[in-house]
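Comments concern the structure below.
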There are 2 protein chains.
Amino acid sequence: MTTAPTRKPRSSRSGRATMADVAAAAGVSAMTVSRALRRPDSVSAEVRARVEEASRRLGFVPSRVASALASARTMTVAVLIPSLTNAVFIDLLAGVQETLSPHGYQPLIGVTGYGPEAEERVLRAQLAHDPDGVILTGLDHTPGTWDLLRSLTVPVVHTMDLTTEGGLGDGGHGDGGVRTVGFSQFDAGYAIGAHLAERGRRRIGLIAGQLDPRTRQRCDGWRQALRDAGRHDPDRELLVPDATSVALGAELLERALAAHPDTDALFLCNDDLAQGALFQCARLGIPVPERLAVAGFNDLAGAAWTVPPLTTVATPRRAIGVEAARLLIAGMEDRAQSRPEPRCVDLGFRLMVRETT
Amino acid sequence: MTTAPTRKPRSSRSGRATMADVAAAAGVSAMTVSRALRRPDSVSAEVRARVEEASRRLGFVPSRVASALASARTMTVAVLIPSLTNAVFIDLLAGVQETLSPHGYQPLIGVTGYGPEAEERVLRAQLAHDPDGVILTGLDHTPGTWDLLRSLTVPVVHTMDLTTEGGLGDGGHGDGGVRTVGFSQFDAGYAIGAHLAERGRRRIGLIAGQLDPRTRQRCDGWRQALRDAGRHDPDRELLVPDATSVALGAELLERALAAHPDTDALFLCNDDLAQGALFQCARLGIPVPERLAVAGFNDLAGAAWTVPPLTTVATPRRAIGVEAARLLIAGMEDRAQSRPEPRCVDLGFRLMVRETT
DNA sequence: CTGTTAGCGCGTTCAG
DNA sequence: CTGAACGCGCTAACAG
């Protein structure tokens with residue numbers, strides 16, 4: 001071992017220039033480099049030019065982790081969603097990402113798998129990164145999660161639901177500080193139920209998978225609508241815990257019709273189920289909507305192009321992501337909380353009546 | 001202004017306990033807390049118990065940013081994908097996420113919008129976070145991107161393509177260090193072309209959108225297959241730059257048939273296009289596959305359930321994400337690079353012959 | 001097995 | 001407008 005002691009450099013940025021390097025190259029102090037790069041008009045034109053030149057020449061990229069430690073701002077936002085395979089949350093995420101990105105914030109995605117306990121674990125892991133804000137899905141959190149959230153000093157937004165309904169949100173702590181962006185799942189479910197009833201359907205069934213709280217609220221709404229119309233039949237509800245998919249929709253359609261061959265309308269809690277059901281109807285020669293009306297939920301891609309085009313409820317998933325991110329940004333930038341942002345944003349939904357009903 | 005001077009605390013973890021707090025509470029040094037928490041068997045059982053108790057009691061969450069600065073490991077991985085609305089990359093991302101997560105790594109998602117220049121900008125932004133590894137989509141990067149990548153000391157993996165084909169990868173720098181995980185887009189395109197020819201089809205058309213390099217390679221493969229079969233007709237290619245969608249597939253089917261009513265087979269470069277085409281065929285009363293064979297690509301959700309079930313090519317998108325993450329982890333954990341990992345992993349593809357051809 | 005020392009690369013603060 | 005001192009919270013390196 002007579003070789004030179006090539007101790008691995010401790011730096012996280014092996015070989016990359018630091019602010020001190022740029023400062024030396026530009027003949028100024030590190031502090032001036034920092035200023036020149038972040039607020040160009042806080043330094044003289046000449047110094048600015050020298051710093052910019054040196055910075056470019058050395059390929060300087062400021063270290064966000066050092067910056068974060070010094071300034072107490074990580075420029076990251078924790079985004080917790082149940083799943084990466086459900087298009088609904090991808091759209092949400094896309095809205096968040098496209099809104100945060102131009103402001104320099106990095107989303108930290110956390111996948112909870114629809115479980116409140118897993119959500120708490122994921123949140124805890126994300127918090128270790130000291131995000132400047134947190135976006136969650138839904139309001140059904142563990143007490144531990146609520147505790148964590150309450151202890152935070154950064155803004156938090158809950159999405160895809162409204163605080164006002166079901167009392168889920170408070171978790172016994174009062175709804176005081178809970179900020180939400182979403183729409184009323186209950187009302188949306190009600191709308192589709194009412195629509196089927198108005199169409200004169202009498203033997204209306206329900207098919208639902210992925211029984212998370214939001215799905216349940218939709219079902220509750222649908223149920224209420226049918227009760228109000230005097231046409232609710234609990235026997236015609238087919239609820240399964242499995243994740244929704246086209247394949248599952250096809251399968252459940254058959255099971256539903258086997259149990260109740262006289263069914264004349266069906267609400268499926270997600271469009272992928274509805275598309276599967278539609279395919280299966282085509283296969284079985286069941287005329288839609290003549291013999292069976294079919295309604296979906298979410299207005300996922302392609303819903304307008306099925307044969308026949310699918311009646312469904314359009315949900316503002318991307319807009320929810322955009323608005324949640326906006327609220328967060330407002331709370332993060334403006335540390336004085338000057339303009340009061342709304343506590344609860346209802347982005348609504350739209351019943352898309354097409355040809356399957 | 002006679003109120004007490006409530007200077008905002010400089011800490012990034014307002015109110016939260018630090019390691020020093022835990023150390024004090026446990027009656028040990030901060031270093032011992034660090035050790036007790038990260039490698040429990042490197043301290044005595046008694047000390048470990050005291051530290052764990054104090055840590056739990058104070059609700060201590062170690063700061064990853066401080067840890068990152070001190071240890072030169074951020075536990076983050078930059079993941080660059082073209083889009084968040086294309087299911088292909090979502091699946092990739094899901095594979096990456098589910099593989100990184102158990103090891104404590106946080107994916108940092110970057111969306112490039114299919115543009116090499118945007119990709120370079122996004123990469124630069126991600127690098128400011130000092131990721132411990134980088135995952136990219138494709139091999140068509142700007143020279144600036146290649147420069148950045150070459151300057152990195154952390155592992156980099158390119159996905160969805162193979163280094164060997166097309167010579168795209170080297171960018172003039174030689175393929176020396178380029179690590180890829182993917183499959184041959186060309187061969188996959190060839191397979192579908194050959195399949196259509198083998199089925200006896202003679203007037204075969206192509207419909208493609210989202211003309212990124214991988215789509216082009218698929219088309220090249222398809223073209224080669226038709227040439228080999230003596231059935232290539234450039235006039236029957238309909239290429240548009242727009243993002244693929246069910247709606248676009250329906251529209252392009254009509255345009256293709258309007259231009260060439262005698263077409264007897266069609267390859268659509270993505271399943272969403274193919275599904276749209278299928279819907280439109282049903283609408284127009286065109287029997288599939290009798291009068292027109294239809295083939296898609298990717299085997300997206302539902303492809304097995306369309307009417308009739310869609311012939312397509314199954315691509316291992318999630319597996320690519322998993323394998324890319326695996327390679328990265330190997331390179332990140334094992335800093336000595338003891339076991340040599342493969343440079344280029346071909347995960348293959350599968351032709352799914354169903355009923356549309 | 002445990003403690004001490006010395007930074008990681010920036011930004012805040014206050015002086016000039 | 002610019003600079004010097006200091007510290008963010010943690011861990012590497014070395015003693016003991």
Side-chain angles (χ1 to χ4, degrees), chain A residues 5-24 26-51 55 58 60-75 127-130 132 153 335, chain B residues 5 7-24 26-51 55 58 60-75 127-130 132 335:
Chain A
T6 47
R7 201 172 299 179
K8 163 170 43 80
R10 242 190 101 180
S11 165
S12 57
R13 310 168 64 72
S14 336
R16 260 193 283 171
T18 78
M19 214 164 229
D21 298 333
V22 177
V28 295
S29 74
M31 198 52 240
T32 301
V33 174
S34 175
R35 282 195 275 253
L37 263 25
R38 293 186 309 156
R39 306 198 304 116
D41 37 59
S42 70
V43 300
S44 70
E46 194 214 355
V47 164
R48 188 191 320 148
R50 287 219 309 277
V51 168
S55 171
L58 298 181
F60 174 63
V61 182
S63 164
R64 290 235 177 193
V65 355
S67 166
L69 194 55
S71 70
R73 311 196 67 208
T74 57
M75 300 304 285
L127 291 185
H129 289 273
D130 284 317
D132 292 335
T153 59
R335 319 197 89 181
Chain B
R7 201 172 298 179
K8 161 171 43 79
R10 243 190 101 182
S11 165
S12 57
R13 308 167 65 69
S14 337
R16 261 195 282 170
T18 80
M19 212 164 233
D21 298 333
V22 177
V28 296
S29 75
M31 195 57 233
T32 300
V33 174
S34 175
R35 280 195 277 253
L37 261 26
R38 290 187 307 158
R39 307 197 305 114
D41 37 59
S42 71
V43 300
S44 71
E46 194 214 354
V47 164
R48 186 189 323 146
R50 287 218 309 277
V51 169
S55 171
L58 299 181
F60 175 62
V61 181
S63 163
R64 290 233 179 195
V65 356
S67 167
L69 192 56
S71 70
R73 311 196 69 210
T74 57
M75 300 304 284
L127 290 185
H129 289 273
D130 283 316
D132 293 335
R335 320 196 89 179

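Here is the naming used below: chain letters follow the sequence lines, and residue numbers restart at 1 for every chain. We use all heavy atoms of the structure for the numbers below, so side chains are in, but hydrogens, waters and symmetry mates are not.
For the residue pair A128(A) and P62(B), the shortest heavy atom distance occurs at CB-O, 3.6 Å. A pairwise comparison of heavy atoms in T18(A) and D21(A) identifies N-OD2, 2.9 Å as the closest pair. Shown here for D132(A) and A72(A), the closest heavy-atom pair between the two residues is OD1-O, 4.2 Å. Across S29(B) and A23(B), no two heavy atoms sit closer than the pair C-CB, 3.6 Å. Nearest heavy atom pair, residue V51(A) against residue L37(A), reads CG1-CD1, 3.7 Å.
The L69(A) side chain lies nearest to dG9(C) when the options are dT4(C), dG9(C), dA4(D). The nucleotide whose nearest atom lies closest to any side-chain atom of V47(A) is, among dG11(C), dG3(D), dT2(D), dT2(D). Of the listed nucleotides (dG7(D), dT12(C), dT11(D)), dT12(C) has the atom at the smallest distance from the side chain of M31(A).
Here the C1' atom of nucleotide dG3(D) and the CZ atom of R50(A) are 14 Å apart, to the nearest Å. dG9(D) atom P lies 21 Å from atom CE of M75(B), rounded to whole Å. If you take CZ of R16(B) and P of dC8(D), they are 16 Å apart, rounded to a whole angstrom. Atoms CZ (F60(B)) and C1' (dG9(D)) sit 8 Å apart, rounded to a whole Å. Regarding D132(A), its CG atom lies at a distance of 15 Å from the C1' atom of dG11(C), rounded to whole Å. Atom CZ of R64(B) and atom C1' of dT11(D) are 14 Å apart (whole Å).
Overall bending of the helix from dC1(C)-dG16(D) to dG16(C)-dC1(D), expressed as the angle between end axes built from five pairs apiece, is 30° (10° steps).
Less than 4.0 Å separates DNA chain D from at least one heavy atom of each of the following residues of residues 32-46 of chain B: S34(B), R38(B).
When side chains are defined from C-beta on, V33(A) does not count as touching S55(A), because their heavy atoms never get closer than 4.5 Å.
Note that CE of M75(B) and NE2 of H129(A) are 8.0 Å apart. Values are rounded to the nearest 0.5 Å. The structure places CG of D130(A) at 5.0 Å from CZ of R16(B), a figure rounded to the nearest 0.5 Å.
Looking at heavy-atom distances under 4.0 Å, M19(A) makes contact with sugar-phosphate atoms alone, never a base.
Applying the 4.0 Å criterion to OP1 and OP2 of dG11(C), one finds that S67(A) has a side-chain N or O inside that range.
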Side-chain donor-acceptor pairs under 3.5 Å in residues 39-46 of chain B, sequence neighbours left out?
residue : atom : partner : partner atom : Å
S42(B)  : OG   : R39(B)  : O            : 2.7
S44(B)  : OG   : V47(B)  : N            : 3.3
E46(B)  : OE2  : R50(B)  : NH1          : 3.4

